[in-house]
Amino acid sequence: MKKIFILLFVSLLFFQCKQQQIPPSKQVLEKGLITKKAMVVSARKEASEIGVAIMKKGGNAFDAMIATDLALVVVYPFAGNIGGGGFTVYRTKDGEIGSFDYREKAPLAASRDMYLDEDGNVIPNKSTLGAMAVGVPGTVAGLFKIHERFGTLPFSELIQPSIDLARKGVIITKKQANSFNKYREFFEKANNRTIFLDKDWKEGDTVKYLKLAKTFERIRDNGRDEFYKGETADILVDYVKDLGGIITKEDLAKYEAKWRKPITFTYKDARIISMPPPSSGGICIAQMLKSIEPFDISKFTHNSTKYIQLLTEAERRSFADRSYFLGDPDFNDIPIDSLISSKYNNKRMINFNWDSATNSSEVSYGNITGMESNETTHYSIVDPFGNAIAVTNTLNGAYGSKVYVQEGGFFLNNEMDDLSSKPGEPNMFGLLGAEANAIEPEKRMLSSMTPTIVEQNGKLKMVLGSPGGSTIITSVFQNILNVLEFDMGMQESVSAPRFHHQWLPDEIKFETRFDTIAFPQLRKKGYNISQGNSRILGKVDAILVLPDGKLEGGADPRGDDMAVGF
Ligand code: DON
């Protein structure tokens, strides 16, 4: 009788475990494009093709990066830009690593309370919509500085395909047509006319960007200073001023892009290279990976209750630190080494237990003793020489501030919203900022962009990154684990459903197609669950070096993204 009882009990346990298991994403078993030598994975086919054409001509990954970037301005105005900024992480064929910051800066006339009314309340939309939301753009300075150091083909050859494309016109996808139509009212609210107001868009329509082609021709002929001191600078400043903005010619003339020392750390047998401040990305994925490193993750079921729980607790603690410690490194001392150390992160996880959720209200930033001496698009490139580059660029919101410099043919960012309008007041991604990210003239705003490169056994393993505001970090985090711990291929990893926690609000956000089977267990343990309609988290474009040295692309099916290579 006792034996039967035990047997019944064990079967029940087994049945319950089975019930809890999420069907492994292995069942998806998708394969991405596989090529021998080189690849570009970006938000649009045309941009990937242009980058690849440059490498076929003999250009390297850096040449391809510049050409892809400029092509995205034409084919992906949602986020591709010259009116915004971004970050790049690279690893050369010889293993030299570096990162590069061409993030926007607050204008000289910016001030701490510029988005508050006389009662000290945040004025709705002022930091997100219209000319006051615009930070000083960095993209053009970034592209020229990268070209100066690493480019092998003349800049004119890298920009020409985009000039030709802008003149010929771009055939828009269904997603783009919907997006142009959806944002019409905001273009109007930003008090300006864009070419996108002209009609009701549908899939297959052609858009010609003739003004943008002219701007690109002036940049081709006059170089970097065309954007910061030339006719384009005049056009930009006059337009922003007419709409009530504060960017001046002095702001543009003073802008400089910067080389930065990347964040590097090990996770088990891999070495991760990612973006340092003013992005929070590198520090946060380091913290998350260090927090979970002591666990034997490969034995967990992918996306099971246990897995979601552990990652959530690591994400919660890291985002709490982000909001307190991180900001522009030129304005703040950031205790990077302590923040990303195993010792610190293991200590932060001490109060985690499997039975119940840690409450975000009980989690603050960690204790660091002594300070030591943060709409977007990501693309990944590997060239035939073995150079790799991860690039994330942004206008912040979709079409940035919605201000479209008509004569120049390009959108301006609303990156000022990534600075903290008021301590304790969330930005458009629900992120909180503190003193380190308070508004100051010429400060770079804290970012979540996480262009990242992974090495294993001293060799290039993976190049990845994502758009998605705060969800960038957790998307990159989960894709690193998909490949390193669950042995997924690149496409399989990118396609796998994702979840996200950012400390506050205290909830786990799940993609719509995430299996709900773990939800009752998670709720029982005190986790708040949020699964909205048509929600996607991040849009990862990545490249994996396969054991035989071939490349596998992971182009995110959540967008129109495409891998092209040879
Ligand atoms: O730098 C940042 O973290 C944000 N401005 C990124 C915005 C973003 O990813 C929007 N994309 N969906």
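Order of listing sets the numbers, starting from 1, for every ligand and every atom in it.
Between R103 and D328 there is no salt bridge, since no side-chain nitrogen of the basic residue lies less than 4.0 Å from a carboxylate oxygen of the acidic one. With respect to R112 and E435, a salt bridge is recorded, a charged nitrogen being found less than 4.0 Å from a carboxylate O.
Of all the heavy atoms of R103, the ones lying under 4.0 Å from any atom of ligand 1 belong exclusively to the side chain. At a heavy-atom distance under 4.0 Å, no atom of M445 approaches ligand 1.
Listed by atom number, the atoms of ligand 1 under 4.0 Å from D418 heavy atoms are 1 (O), 2 (C), 3 (O), 4 (C), 5 (N). For ligand 1 and S448, the ligand atoms under 4.0 Å from any heavy atom of the residue are 1 (O), 2 (C), 3 (O). Heavy-atom proximity to T394, at under 4.0 Å, picks out these atoms of ligand 1: 5 (N), 6 (C), 7 (C). Of all the atoms in ligand 1, the ones that sit under 4.0 Å from a non-hydrogen atom of M449 are 1 (O), 3 (O). Per-residue contacts place I472 under 4.0 angstrom from the following atoms of ligand 1 (heavy atoms of the residue considered): 9 (O).
Ligand 1 lies nowhere less than 4.0 angstrom from a heavy atom belonging to K539.
Exactly one residue among K258, K145, R260 makes a salt bridge (Lys or Arg N to Asp or Glu O under 4.0 Å) with D101. That residue is R260. Each of D561, V41, L72, I543 was evaluated against Y379; a single residue qualifies, L72, per the side chain to side chain contact (heavy atoms under 4.5 Å, CB included) test.
By the 3.5 Å distance cut-off applied to N or O atoms, G468 is counted among the residues near ligand 1. Here's the thing with G469: one of its N/O atoms is less than 3.5 angstrom from an N/O atom of ligand 1.
Considering every non-hydrogen atom in both K539 and R498, the closest pair reads N-NH2, 3.8 Å.
Heavy atoms of other residues, nucleotides or ligands lying less than 6.0 angstrom from NZ of K175 number more than 12.
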Audit row: D251, K105, salt bridge (Lys or Arg N to Asp or Glu O under 4.0 Å) steps and yes/no: CA-CA 9 Å; D251 280 312; K105 292 174 76 166; over 6 Å; no

